[in-house]
Amino acid sequence: MIILGIDTSCDDTSAGVVVGGTRVLSNVVQSQVKLHHPHGGVVPELASREHLKNIMPVVREALQKADVRMSDLDGIAVTVGPGLVGSLLVGLYYAKGLSYVHDIPLAAINHLEGHILSVFLEEEAPSFPFVALTVSGGHTSLYYVKGYGSYTQMGQTIDDAAGEAFDKVAKIFGLGYPGGAVIEKLAREGRRDIIKFPRAYLSKDSLDFSFSGLKTSVSLYTKKWREKKKANDDVVLADIAASFQESVVDVLIHKLMKAREEKGVEEVVVAGGVACNGRLRSRLSKDASSGDIKVYYPRPEYCTDNGAMIAAAGYHRLFHGERADLSMDVRSKYPVSDLLTLVSEP
Amino acid sequence: MKEECVIYRTRSAGETVDLGRQLGGFLKRGDVISLAGELGSGKTWFTKGVGLGLGIARNIIITSPTFSLVNEYEGRHTLFHLDAYRLESLTDFLAAGLDEYFYQEGVVVMEWADRWPEILPERRLNVEFVIKDEHSREITMSGYDPRAVEILKKMEKVKR
């Protein structure tokens, strides 16, 4: 089955063509990210207008790169939520139009299911059940994944997402965007153990995350550090970056491992933009080599928002006979627990 | 019109939430609350409180809308939690359709709303956060529209 996946849930317009839910023929992302942005954030000229401008060329390019025509497609998968309503509408209505005109089955996809299943676009993929950590600018959540369509949320951030903390700390430092890459690079030169920033483990059994206290702590520390910089203080900005990053990584790994133990599974998946963080990966691979756990990651281009992961999710839904009818609407809120479980595996 | 203002001092995130809860209890459909203050000054935690005051279930977690730009929660009234932090210009704000939320059936709480005050409805209540030290915040509520003054009169009775 050849599936076209479309995602317009946030800033990026993306489309990908995937065979059998695993083999990527193309993955095209029209990104709004501009480096060194003065305000330290994504430039969302985005919204509906940008998506509207981008959607046709992006889909056309995805089909061209995959060397398939509309008539070759067995299905179209499109993100219907969660996300910004105006942005989601562009993707959904375009997909509906294609589906209707070319008479191709349509699948309505939850963006978070796309992230959870993005790891199946890799040759090395986990087997069910596993625990997934999706960690990005907008999300920090833990899921117990029993099978396709069966996702139980075990924890989530109660304030800021981890990726958001990276971006905001980069802003506090007066550095550019994207914050994750900027902080990671700076942290390589710094000492991780020089400043003890708080680690919010919350209550003993909690699998929830909190990063706003850490952000505030880094902000106050940086302010004080700037003021007394003239004094003979050997702390440099890279030390603050490294200590901050270590605090985030400590908490992410602690909670991920706790969730894994709770469910008694050996395999874990880390997906989303922050999964690209080198320090997180090296710490996890150390854990993996010393114990009997196995960690899976999608490659960076499948970690950020993309159409290929939506196509992968769509493949399983269409394979099981799920069809979205043309009256389908977008959902700004859309918990993955609302999804239909796909019982048998293809 | 004369601007009214009430100043509070909170000593923990919990107290900031509680102040938000008191305000949330007085809010009705159409109210717009503009939040201003630097990173980490308590805007999101204050909004958690407003949500509680609006009767949003405790198990519904109000998180930062920085990336999503807007989060929606169902309570006694719908809460639209907006965030202008990562928008570059007023054009971006309008392109994202965020101004439409001011005219929806619900309560709007908007973070970083002081970036383009000209876009905000006059009936808004302004809330400004200043970090005094690690845990303590000075929170100033102000407004001059009759509706804002009405809310402030009620808030004056809240213990400071």
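Numbered from 1 within each chain, the chains take letters A, B, ... in sequence-line order.
More than 12 heavy-atom neighbours from other residues, nucleotides or ligands sit within 6.0 angstrom of NZ on A/Lys223.
A/Lys215 contributes atom NZ, which lies 6.0 Å from atom OG1 of B/Thr44 (distance to the nearest 0.5 angstrom). Going from atom CG of A/Asp11 over to atom CZ of B/Phe67 covers 7.5 Å, rounded to the nearest 0.5 Å. Taking CZ of B/Phe80 as the reference point, atom OG of A/Ser332 lies at 8.5 Å (rounded to 0.5 Å).
With a threshold of 4.5 angstrom between heavy atoms, B/Ile62 approaches chain A through N, CA, C or O but not through any side-chain atom. Residue A/Lys168 touches chain B through both its backbone and its side chain, counting heavy-atom pairs closer than 4.5 Å. Interface residue A/Ser217: backbone and side-chain heavy atoms are both found under 4.5 Å from chain B.
In terms of heavy-atom proximity, B/Ile61 sits nearest to A/Ile158 at CG2-CA, 3.6 Å. Closest heavy-atom contact between B/Glu134 and A/Leu220: CA-CD1, 3.5 Å.
A/Tyr144 meets the ring-ring contact (aromatic ring centres under 6.0 Å, His included) test with no other residue; sequence neighbours excluded.
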> How far apart are the C-alpha atoms of B/Glu38 and A/Lys171, what are their side-chain angles, what is the distance that settles it, and do they pass the salt bridge (charged side-chain N to carboxylate O under 4.0 Å, His left out) test?
Replying inline: CA-CA 11 Å; B/Glu38 63 183 299; A/Lys171 176 82 182 287; over 6 Å; no

>> Between A/Asp160 and B/Thr63, is the side chain to side chain contact (heavy atoms under 4.5 Å, CB included) condition met? List the steps.
In response: CA-CA 6 Å; A/Asp160 298 0; B/Thr63 55; over 6 Å; no

> Should B/Asn71 and A/Lys333 be marked as a side chain to side chain contact (heavy atoms under 4.5 Å, CB included) after you check the CA-CA gap, both sets of side-chain angles, and the distance that decides it?
Replying inline: CA-CA 8 Å; B/Asn71 291 336; A/Lys333 283 180 297 184; over 6 Å; no

>> One pair to check against salt bridge (charged side-chain N to carboxylate O under 4.0 Å, His left out): B/Lys43 and A/Asp159. What are the steps and the verdict?
In response: CA-CA 11 Å; B/Lys43 298 181 292 299; A/Asp159 40 52; over 6 Å; no

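With chain B as partner, the option from A/Gly138, A/Gly137, A/Ser212 having the largest number of non-hydrogen pairs under 4.5 angstrom is A/Gly137.
Using a 4.5 Å cut-off on side-chain heavy atoms (C-beta onward), B/Val70 and A/Leu84 make contact.
Taking 4.0 Å as the cut-off between side-chain N and carboxylate O, A/Glu164 and B/Arg86 do not count as a salt-bridged pair.
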